[in-house]
Structures are given as structure tokens and as C-alpha cells.
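I have placed the structure first, in the form of C-alpha cells, so that the comments after it can refer back to it.
Just the heavy atoms: all of them, side chains too, but no hydrogens, waters or symmetry mates, feed the values below. Positions are given from 1, in the same order as the sequence printed here.
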Amino acid sequence: MDGFKRKTPEEILLSISKLHRGSLKIYIGAVSGSGKTYHMLREGHNLRQQGIDVVICAVSTLQRPETVEQLGDLERVPSIHWMKDGTEQKDLNLDALMQRNPEVVLVDGLAHLNRPDARFPTRLDDIKFLLANNISVITTVNVYELAEAMEVAHKLTGIEVGHCVPSDTLELADEVRLIDATPEMILNRLEEGHLKGNKDSALFKRGNLGVLRELALRLVAEDVNDSLEAHREQMGILGPSGATERILVTAQYHWNGSIYVRRGQQIAKRLNGDLHVVTLRKFNKPLSKEASAFRRSIMKLVEKVGGKFDELPLRFRRCIPKALVNYAIHHKVTRIVLGHSKQTKWQTLWQGSVINGILKRVKNIDVFLVADRASRDGERILPAHMQVSKEPYKYKRLSKQEVQAKIEKIKRGRFKVYIGAAPGVGKTYTMLREGNDLLKKGIDVKIGLLETHGRKGTIEQIGELAVIPRAEITYQGVRLEEMDTEAIIKARPEVILVDELAHSNVPGSKYKKRYEDVLEILEAGISVIATVNVQHLESLNDAVEQITGIRVRETVPDSILRAADEVQLIDVAPEALQLRMREGKIYAMIKVDQALNNFFKTGNLIALRELALREIADDVDERLESMERKNSLRGPWRRKEVIYVCITEISQADRLIRRGFRIAHRLKAAWYVSFIAVGSGEQWKPKLETLEKLTVRLGGEFVYQEVMSRKAVPAVFASQASMAGATQMIVWKDATVKKLLPLASQMDVLIVADYDLWQSAGNKVK
């Protein structure tokens, strides 16, 4: 696309310098024992099989059996051993490595400090030296050893870190890969004696492992987001990617400015988004003493909550919408937060409405109006703090229902899900590997349903695992195969492996979806390890279509992830995934070009990877909050929320319902969906039944009502929401919004953008 554009001298010099520089890949994990060294060594073997000259130096296996096994016959360049505080240390032997001059060096411990008389003070400096001499490096690091995470890790877990690497270290890497490991997996390895660590240390407390895991997921997600924005900018693609949120708060130098900033911060934190705060002022007029004081307090608050603050010039009031929307577009904002209008009807006609002006100009940016509670609750009101529910008195006798629920939970099998950003990341491979590891420990593991797609590496991982034959079902004269749930329950293995949770069963099967079979297997007391891709989560259906332009038809309800005892992400960089595709390791060679030009385009894969990282980070945070842990990264949500989704158009209904669910889920809120039809809705009956099923499946309550005139719609919505005790309404940007807003000024109102799904995928800068 940009092939005919002339490169600048700087770009030419940079391209030439890269030719003479080695590549850097960093494996990052939450803690020691996540599996970073294991995967690094495995990659070393793969590279050597491709004819690449690979050596290892200063690699620490800590005598972990599976890691030692991965050493194999990789060539070792002896490291320099020395003692520090009674502990043996290993430094890279730079002279020996330069003399050997391999193509790739595998080395552990990116944050390592060298001996006092070493050529360079740190291992990072050693690695930079090797890269400058055209030797590529693959290395490992723990999240709390990165400067940008060290302070947060210390604050939330209390762990002390001797040395960290600078904040820009990940930017040096050509590839960053997260090795995700659940706290259960780490603690199990520790219990089995495979980790070098104290079981009682702060590092290996379950809550701290969860916090560090979430920190790693979010840090890599931020890194992925940077690469996504760079890619989209290079391709000339406008608008937000759909993978991340960026919140813009507009606040004036007034007493309520801090309330809007706080609300924006809560939204940004809950949605894992960046926060921007802007004020508009006339620079040719000095601020009053009171306004100056509010300015200082707002700037201090924005800095405290980690936001970015800007002042925009203001000439005339009618210019406000244009200034805000231009700023939002330039900074890739996904949501504008501002207060409800306090103008009368005549003032709006005379002066114009800022909100209407914004709604007229934005196409793919949501608008969030903060509730006007001042008239009812007083000017300086802050969001209410709710009492944390106390644990029931421990000597209280359980009811029969409580006893039965606990018994059923004890009988239920354990459920683990491997999730990835796209097909081919290695979910099935890893599931099979874990199955074989469990088999070696004497646990009865069988394969219930396996989709190898002809991948050689996956087939090899079957190993000693027995496969339960599939059931044959005749459909329209054709004999098809599905997972035999009845046979699995009859065989009663301890663990069953099931691929592709989102699969739709052949008509005539007991259940419509494979995940329903899995739920029955779990209820029978059989543990399940399963796989799914992030694009199959029901609530992400619209986000995935926005990112890829492809509507995913097979979905699973988000409750499936919440029902899992463990959810583990398999992370792979887009470039590595595309390479696997080109080598025929994902699809047959005849489908490769089509896949690379559609779903597997670079921008799609980067955005889906970010979506997966953030989704699992949210899942980790939810689990931390369920433990009533106060120091999860997003912090507890202290407001009691009730979400009310208002729908009048069938075409936008699915998207609004999913949006309502995701917001309600993050805010721990009850939520309702109200569909109002003008006249008879008989022609929509089949679709209405589908919408109700979707709402109920996602945990909401569906309401349907018919009115005789469109003019009645806003008043009915406002009345229904008020009766439900709604604190936030979610509406589509249509003709009813203007009349609804004055009736809902005491609620937060989210106006969902009229987003063109193809705009982000195809529109170029003109």
C-alpha cells in the first residue's frame, strides 16, 4: 500500500542498522516457575531443527524435571560462575560467545546484576552488546522485575525486588510473549517440589500470585496496544480498534469538575482504559481566584489517578462540540464523559446544545452523561461507599439448601479452560501435554473430543492418551460424529479433554452446544480440561466483528469462563502465528493465502491478542474480588449499580444487550433489557424470543412493551428505569435520545455510538 512512498534518510538509516542488529525476544511471566525457561528452551530446539545455530548460556533450570528435559542436546557456552551472599551466580561469558558467534543465544534472567569486575554492570547491557554484534537473544523476565511494574507489585503484594530493568525494555524487544500460569498451577508445582521457593513467602501466597498474574497480563496488553496503534497508523486506519477503551472527561473549573474526573477514573479503571481530562478556557481572559483554585485541584487529581490533562482554547460556546470531538478523534477516544445539560428548552434553542452538537459529530465514539444528583443530594456529594458484606458467623448452622449446594459443589468435577486469541496458538497442544503429564502421575485421563486439524505437532502430543470413540448421528441422510457424552460418563475417567467448547452439535443431539455436554460431564463428577478462542465469547461477538469485519456464529456464554476453576491464556505473537500459518501448521496450504488476507491479517491478530489479554486480566481481577481482596489492580467497585438497556430498533438490539451485559458484569450490577415497539411487534416475535434468550443467557431480565406512538417511548423508558432503580441507562444514538435525556438527568446515560463496523477495518486517512 505504501510501497511507492519514498523513505526519509532517517528511515533508510534505521532500516540499514536493523540489518546488522540481532533480534530480541522476551518471555515474561508472573513469577519464577511460570514456565518461561521451559518455553524458551523448547523454542531453541525448534529453531535448531530449522537449521539455525543456537546456543545456551547462563540458563537456570533450578533442577525442574520438565525444564531439565528440555535442555536436551542444546550446545552450552560455559557461563562465568561467582558467589554473592553465599549464592552462586551466573554471568554471560561475552568473550566466549563472541568467539563462538552463534545466530541465537538463549539466556535466563534479564534483570540479573553482573559481578563487580564485569565488562558491563547488567545482563541487559550484555544483551544489548550481543544484539549490536548481530547475535539474536531470547531471554526471560518476571513482571515484578520491570520498572513500570515493580512499584505496583510492591504496593499490592509487599514483595521486595533487588534489581529491575528500565521501563523501555519491552520496547527494545522484537517480540514479547507472555507465559500465563494460574496460581493453582504455580502452587501445585511448589507443592510437588519443582519450584525453588518458600511456601510461606509472600511471593507464593495465592492472592499475590493472582495480582502478579493480572499485572503481567495488563502490562503485555499495553505493549500489544502500542504495536496495534503503530500498525493502524502505518496502514492509515481511522477510529478506535475495538480492543481497548480510552476515556475522555470534559470538566470545567467548577465544584463538580472533580466529580466528573472521579467518575471518568472509575469507568477507565473498570474498563481497563486510559484516562484523558480536558477543560476548555478562553486564554485571553485571566481565571478568577475561585477558578484558579479549582484548576489546581483538578490537575492534582488527574495526576493522582494517572490521567493525562489538557487545556483546549475556547473562542465561542458553539465551538465546544467540534473542539471536543476533534480532540477525541486525534487521541483515539472511545468514550466522552460529560455532565447532563442544565439548560432550559429556550436556552438550548438560543445557544445550542453541547451534547446535541457532540452527538451530531461523533460516529464511532460513545457518549457518557454523568448523573445530575446535585439538586437532590447536594453539591459536594461523592459516590456512596457501600459496606463490605461480612462473612457469616462461622458457627451458624447451614440450612438444608445450603448443605445440598455445598455437597453438589464438592461432587462436581474440576473445570479448566485454555483460551487463545485465534486458532493455532497452541491451546490443544498444551491441553494434550497437560493430559499426558497427569497420566504420568497416575491420574486416569482420556480424550473426549479432539480436533487436530491434521497438525503434526498436535497429533504427536496425543502420546499415551486413550480416545473415547465419538457417537454417530444421522442427519439428513448423512452419518456425522459428535462427542459421546453418555460413553464418557459411563467410562468415568478422572479427567476428560474436550476441544472447541463453542462447537454447535449436530441437530438431533441431546444438547445444542458442546459446552452443555461439558456441564453434564462436570455434574457427573468428572473433571474437564477444554479449549476455546476469545472470539467465541458471547459478549465479545460485536467487538470481534468490529475488529475483523467477520461475524462469529458459534459462541459460548461468558458464564462458562466464570464457572471454570482455572482459565489460562495461551499467548503467541501475531508474527509467530502467521509464520505457523505459512508453514501449513494451522490450516491446509490451500487455505493459507485466504486466511492471511482475512481473519489472520496482522491488525486483526494484534487486536484479538490484546482483547484476549485484557479479558483474562479481567477474569483474574474478578476472582481476586471474589476473595474480597482489596488490592486488586482495578480496586473494588463501591457503588451499587443497576443497568437499564433501552431498545427500539431490532437491528441494534444484539449489540446493546451485549454492551449492557459487559458493563453490568464489570460493575457487579443487576441489569435489565427493555424493548419498546411502536404499534404491534407481532412481525418481530421470533427475533424477540431470540433477544430474550440472549438476555437471560447472559444473566439479565427482559421486558417487552408496545406503545401507540413513538412520542411516548422516552417517557416509558424513563418510567421503567426509575421503577427498576436504575443508576445507568444504555441507549442507542437515535431520534429518541434528545427527548429522553431531560427525563433521565438523575441517572448516568451511556449513548452507544452508531459505529460503522467496516470503518475501522477499511477506511484510510484521506
Side-chain angles (χ1 to χ4, degrees), residues 181-185 187-189 191-192 403-420 427-452 458 461-473 481-506 508-533 536-537 554 556-568 570 619 623 697:
T182 64
E184 292 81 6
M185 182 184 294
L187 293 172
N188 188 48
R189 288 176 181 173
E191 195 67 37
E192 292 175 348
V403 170
Q404 187 59 38
K406 286 184 178 288
I407 289 172
E408 287 175 4
K409 190 173 181 182
I410 291 167
K411 286 181 176 179
R412 181 180 178 269
R414 187 170 181 81
F415 187 26
K416 180 172 183 177
V417 177
Y418 283 107
I419 189 168
K427 302 179 301 297
T428 305
Y429 181 100
T430 309
M431 177 181 73
L432 292 170
R433 199 180 74 209
E434 182 173 2
N436 276 292
D437 288 343
L438 292 172
L439 201 63
K440 289 173 186 174
K441 294 173 184 175
I443 295 171
D444 182 14
V445 185
K446 289 183 171 58
I447 296 172
L449 195 290
L450 178 65
E451 300 285 3
T452 67
T458 305
Q461 283 300 310
I462 295 173
E464 303 298 318
L465 292 168
V467 180
I468 293 179
R470 302 186 190 194
E472 288 191 350
I473 298 172
E481 294 182 338
E482 287 292 0
M483 182 170 72
D484 196 335
T485 303
E486 192 176 321
I488 290 169
I489 293 173
K490 191 175 180 180
R492 290 198 63 77
E494 291 176 274
V495 181
I496 197 79
L497 309 183
V498 179
D499 234 346
E500 299 186 2
L501 273 179
H503 170 80
S504 297
N505 292 332
V506 174
S509 303
K510 182 177 180 181
Y511 297 110
K512 287 185 177 181
K513 304 287 289 189
R514 185 169 291 163
Y515 73 81
E516 295 175 294
D517 290 295
V518 164
L519 292 176
E520 183 180 343
I521 292 167
L522 289 167
E523 290 303 319
I526 300 168
S527 294
V528 177
I529 303 176
T531 67
V532 74
N533 286 320
H536 294 297
L537 291 179
E554 294 190 319
V556 296
D558 294 54
S559 57
I560 287 295
L561 277 199
R562 297 200 298 279
D565 300 281
E566 289 183 69
V567 180
Q568 185 171 336
I570 305 300
D619 181 75
R623 291 169 195 269
R697 190 162 70 241

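- Contacts of E494 classified as salt bridge (Lys or Arg N to Asp or Glu O under 4.0 Å), with partners at least two apart in sequence or in another chain: none.
- With sequence neighbours excluded, no residue forms a salt bridge (Lys or Arg N to Asp or Glu O under 4.0 Å) with K513.
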Exercise. Can you list the steps and then say if T531 with T430 is a side chain to side chain contact (heavy atoms under 4.5 Å, CB included)?
Worked result: CA-CA 10 Å; T531 67; T430 309; over 6 Å; no

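- Legend: residues meeting salt bridge (Lys or Arg N to Asp or Glu O under 4.0 Å) with D558, ordered by chain and number and at least two apart, are R662.
- Here salt bridge (Lys or Arg N to Asp or Glu O under 4.0 Å) pairs that include residues 516-533, with residues two or more places apart or in two chains, are K510-E520.
- For K441, the side chain to side chain contact (heavy atoms under 4.5 Å, CB included) partners are N188, E192, not counting sequence neighbours.
- Judged purely by atom type and a 3.5 angstrom limit, S527 uses its side chain to pair as donor or acceptor with the backbone of R414.
- Legend: residues meeting salt bridge (Lys or Arg N to Asp or Glu O under 4.0 Å) with E434, ordered by chain and number and at least two apart, are K416.
- For D565, the side chain to side chain donor-acceptor pair (under 3.5 Å) test picks out no residue, with sequence neighbours left out.
- In this structure, D499 and M431 have side chains that are in contact, with non-hydrogen atoms separated by less than 4.5 Å.
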For this session: Please test L519 against I560 for side chain to side chain contact (heavy atoms under 4.5 Å, CB included), starting from the C-alpha separation and ending with a verdict.
Result: CA-CA 9 Å; L519 292 176; I560 287 295; 4.1 Å; yes

Under 3.5 Å, side-chain donor or acceptor atoms of residues 462-473 against the rest of the protein: list the pairs with distances, not counting sequence neighbours.
from	atom 1	to	atom 2	distance (Å)
R470	NH2	L450	O	2.8
E472	OE1	R479	NE	3.0
E472	OE1	R479	NH2	2.7

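- Qualifying side chain to side chain donor-acceptor pair (under 3.5 Å) partners for E554, counting only residues two or more places apart in sequence or in other chains: S504.
- Across I496, V417, V495, I488, a single residue satisfies side chain to side chain contact (heavy atoms under 4.5 Å, CB included) together with V528, and that is I496.
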Exercise. Given I419 and L561, is the side chain to side chain contact (heavy atoms under 4.5 Å, CB included) satisfied, shown in steps?
Worked result: CA-CA 10 Å; I419 189 168; L561 277 199; 4.3 Å; yes

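- Legend: residues meeting side chain to side chain donor-acceptor pair (under 3.5 Å) with H536, ordered by chain and number and at least two apart, are absent.
- Counting heavy atoms from C-beta outward, L438 and I529 have side chains that approach closer than 4.5 Å.
- Within a 6.0 Å radius of CD in E451, other residues, nucleotides and ligands contribute more than 12 heavy atoms.
- Considering every non-hydrogen atom in both M483 and L449, the closest pair reads SD-CB, 3.8 Å.
- Heavy atoms only, all atoms of each residue included: D444 and K446 are closest at OD1-NZ, 2.9 Å.
- For the 3.5 Å distance criterion, the side chains of E566 and T182 qualify, holding a donor opposite an acceptor.
- Side-chain atoms of L537 and V556, non-hydrogen and from C-beta on, do get closer than 4.5 Å to each other.
- Residues meeting the side chain to side chain donor-acceptor pair (under 3.5 Å) test with N533, sequence neighbours left out: K427.
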